[in-house]
Amino acid sequence: MRASQQDFENAMNQVKLLKQDPGNQVKLKLYALYKQATDGPCNMPKPGVFDLVNKAKWEAWNSLGSLPKETARQNYVDLVSSLSPSAEASSQGKHEADEKAQKSKDIVVTSEDGITKIVLNRPTKKNALTFEMYQDIILALKNASTDNSAITVFTGTGDYYCSGNDLTNFTSAAGGMEEAASKGAVVLREFVNSFIDFPKPLVAVVNGPAVGIAVTLLGLFDAVYASDKATFHTPFSHLGQSPEACSSYTFPKIMGSAKATEMLLFGKKLTAREAWAQGLVSEVFPDSTFEKEVWTRLKGYAKLPPNSMRISKELIRNNEKEKLHAVNAEECTTLKAKWLSEECINAIMNFVSRKAKL
Ligand SMILES: CCCCC/C=C/C(=O)SCCNC(=O)CCNC(=O)[C@H](O)C(C)(C)COP(=O)(O)OP(=O)(O)OC[C@H]1O[C@@H](n2cnc3c(N)ncnc32)[C@H](O)[C@@H]1OP(=O)(O)O
């Protein structure tokens, strides 16, 4: 299969997220493939003998000769995927990769009865998502996409499903807001991409209130089951932010633009029944029987022929995958700028200094 422009852009983002320096040889190879994929064969004059760095880069690029742009793009994507954290894990064996995700502090991953369960496990902070948790979820989804389970389910521990992005992601970053915003945009893009591309049925078991990105992501799930104690709140304007997880596209499509506006612009909080009436939730259950009813049902669904479910999902998702990736890219760029705005910085500071909650 040929790497698309989107795959290429994703790979470029992944490079920025590498935890380990891949070494100069690999970096030169990445540079050369990138130049070949974007500019074509090297026709620049060779740098002088004392310009060591640029000379090494030139030589790496020039060594690719007339390699076609598409092949260079594919080779770049392959090389990055062999370096990415998930690939690092899978190259050490699938079992170890699963272990890595399962050992994660705030995300618990289990697989049983044909269901891979990804549990947000930070109840003292209402399951707010740290940068580390975003990365762990990316890895857990990558593993779940190829494990033996038929369906994958997200849920939360404690009284909340998830209170959205951990607002201290921005205040505790060593390099300050600028660095946090740049990192945030890259992490967010890859995180949302992993939901757009997830190949198996993805189900949310919303055990309590959901806030921010925990709500917007639901537009990318295949089914959403909610306790009647759950609420759905996207206070982006209150936070000086803008929508993410493709909700600027999925929400108007799911509920119509008038209802989407109330949520995404005015921050209207919905009850579970309102969210059901607007098409965001598949079914609402009484909290007293929620767990029992939902898991019984999901265990039944997990016995359906997995390939058939996968192919049906592919038919549905493929119609708009490209659009979703484009929306995700645009939302991340917009958010990166918003995170550096006075409106947003003030809102986050007010939360952190305990002056404001939602
Ligand atoms: C990098 C990718 C970014 C993607 C962009 C995503 C955007 C979003 O998700 S926007 C939404 C962000 N979320 C919020 O604004 C929620 C903020 N939290 C609250 O307003 C409240 O905590 C609450 C309504 C969720 C719960 O209120 P309450 O029941 O009164 O409980 P506490 O406030 O005492 O919370 C307990 C504990 O948890 C901490 N906490 C809760 N949510 C967050 C959060 N989102 N970020 C950081 N910390 C959170 C809260 O500070 C308390 O901590 P302690 O004081 O240490 O006990």
Side-chain angles (χ1 to χ4, degrees), residues 13 16-17 106 120-138 154 156-173 175-196 204 206-220 229-248 251 263-270 327-341 343-358:
N13 283 327
K16 297 182 196 146
L17 296 173
D106 299 318
L120 308 175
N121 189 38
R122 202 179 170 224
T124 54
K125 299 286 181 184
K126 310 290 183 195
N127 297 327
L129 298 166
T130 60
F131 276 135
E132 198 183 346
M133 288 164 80
Y134 288 110
Q135 301 283 10
D136 289 337
I137 292 171
I138 292 170
F154 269 80
T157 304
D159 58 343
Y160 261 64
Y161 173 65
C162 173
S163 65
N165 186 43
D166 187 312
L167 294 172
T168 65
N169 281 339
F170 294 106
T171 54
S172 57
M177 282 296 277
E178 289 259 344
E179 198 179 302
S182 295
K183 180 176 173 188
V186 173
V187 171
L188 178 62
R189 186 155 171 204
E190 201 198 351
F191 178 73
V192 174
N193 279 344
S194 62
F195 284 80
I196 297 173
V206 186
N207 53 298
V211 184
I213 190 167
V215 178
T216 52
L217 268 179
L218 297 175
L220 296 172
K229 281 207 172 139
T231 53
F232 299 82
H233 192 191
T234 48
F236 300 127
S237 299
H238 300 70
L239 290 164
Q241 297 187 24
S242 51
E244 77 286 284
C246 299
S247 58
S248 60
F251 276 31
M263 285 195 82
L264 298 178
L265 273 64
F266 303 149
K268 182 179 177 192
K269 190 196 282 188
L270 302 189
V327 172
N328 182 27
E330 196 186 351
E331 287 177 346
C332 292
T333 307
T334 307
L335 254 178
K336 185 175 163 187
K338 288 303 298 168
W339 284 327
L340 296 174
S341 70
E343 289 179 339
C344 176
I345 294 174
N346 285 343
I348 291 176
M349 289 308 172
N350 281 338
F351 174 76
V352 173
S353 61
R354 295 287 171 267
K355 282 195 208 133
K357 277 190 192 173
L358 292 174

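Residue numbers run from 1 in the order of the sequence given. Please read all numbers here as calculations on a predicted model, not as lab measurements. Every number for a ligand or one of its atoms is a count from 1 in the order of the listing.
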- Task: Show which atoms of ligand 1 fall inside a sub-4.0 Å distance from at least one heavy-atom site of Tyr134.
- Result: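 In order of numbering, the contacting atoms are 1 (C), 2 (C), 3 (C), 4 (C).
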- Please state which part of Lys125 comes within less than 4.0 Å of ligand 1, counting heavy atoms only: side chain, backbone, both or neither.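 The part of Lys125 near ligand 1 is both the backbone and the side chain.
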- Does an N or O from Ile213, backbone or side chain, lie closer than 3.5 Å to an N or O of ligand 1?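 The answer is yes, given that Ile213 and ligand 1 share an N or O pair closer than 3.5 Å.
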- Message: So if I count the atoms of ligand 1 from 1 in the order they appear, which ones are less than 4.0 Å from some heavy atom of Gln241?
- Response: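 In order of numbering, the contacting atoms are 7 (C).
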- Query: At the 4.0 Å heavy-atom cut-off, does Thr216 count as touching ligand 1?
  - Reply: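 No, that is not the case, since the closest heavy atom of the residue is not under 4.0 Å from the ligand.
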- Task: To the nearest 0.5 Å, tell me how far Asn169 CG sits from Met133 CE.
- Result: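 Reported to 0.5 Å precision, the distance equals 10.0 Å.
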- Item | Electrostatic pair Asp159:Lys229 at N-O distance under 4.0 angstrom |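 Result for this pair is no, no salt bridge flagged.
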- Query: Is it true that a side-chain atom of Asp166 and a backbone atom of Thr168 form a donor plus acceptor pair closer than 3.5 Å?
  - Reply: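 Yes; judged by distance alone, with no hydrogens or angles, the pair exists.
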- Below 4.0 angstrom, N of the basic side chain to O of the carboxylate: do Arg189 and Glu331 qualify?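 Glu331 and Arg189: not salt-bridged.
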- Task: Look at atom 13 (N) of ligand 1 and find which of Ala347, Ser163, Gly164 reaches it with the closest heavy atom.
- Result: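 It is Ser163 that holds the nearest heavy atom.
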- Task: Look only at the side chain of Glu244 and the backbone of Leu335, and say whether a donor-acceptor pair between them is shorter than 3.5 Å.
- Result: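 Looks like no, no N/O pair under 3.5 Å.
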- May I ask you to identify, for Ala128, whether its side chain, its backbone, both or neither come under 4.0 Å of ligand 1 on a heavy-atom basis?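 Ala128 to ligand 1: side-chain contact only, backbone stays beyond 4.0 Å.
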- Query: Is the closest heavy-atom distance from Tyr160 to ligand 1 below 4.0 Å?
  - Reply: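 In this structure, Tyr160 qualifies as a contact of ligand 1 - some heavy atom is under 4.0 Å.
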- Between Leu239, Leu129, Asp166, Asn169, which one has a non-hydrogen atom sitting closest to atom 47 (C) of ligand 1?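 The residue whose heavy atom sits nearest atom 47 (C) of ligand 1 is Asp166.
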- Is the centre of the Phe154 ring less than 6.0 Å from the centre of the Phe195 ring?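 Ring-ring flag for Phe154/Phe195: true, centres closer than 6.0 Å.
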- Set of side-chain contact (heavy atoms from CB on, under 4.5 Å) partners for Cys344, sequence neighbours left out: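 Cys344: side-chain contact (heavy atoms from CB on, under 4.5 Å) contacts with Gln241, Trp339, Ser341, Ile348.
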- Please could you name the atoms of ligand 1 that Thr124 approaches to less than 4.0 Å, counting only its heavy atoms?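 Heavy-atom distances to Thr124 below 4.0 Å select 36 (C), 37 (C), 38 (O).
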- List the steps and the verdict of side-chain contact (heavy atoms from CB on, under 4.5 Å) for Phe232 and Val206. CA-CA 10 Å; Phe232 299 82; Val206 186; 4.0 Å; yes
- Item | The one among Trp339, Phe351, Phe131 that brings a heavy atom closest to atom 17 (C) of ligand 1 |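 Nearest option to atom 17 (C) of ligand 1, by heavy atoms: Phe351.
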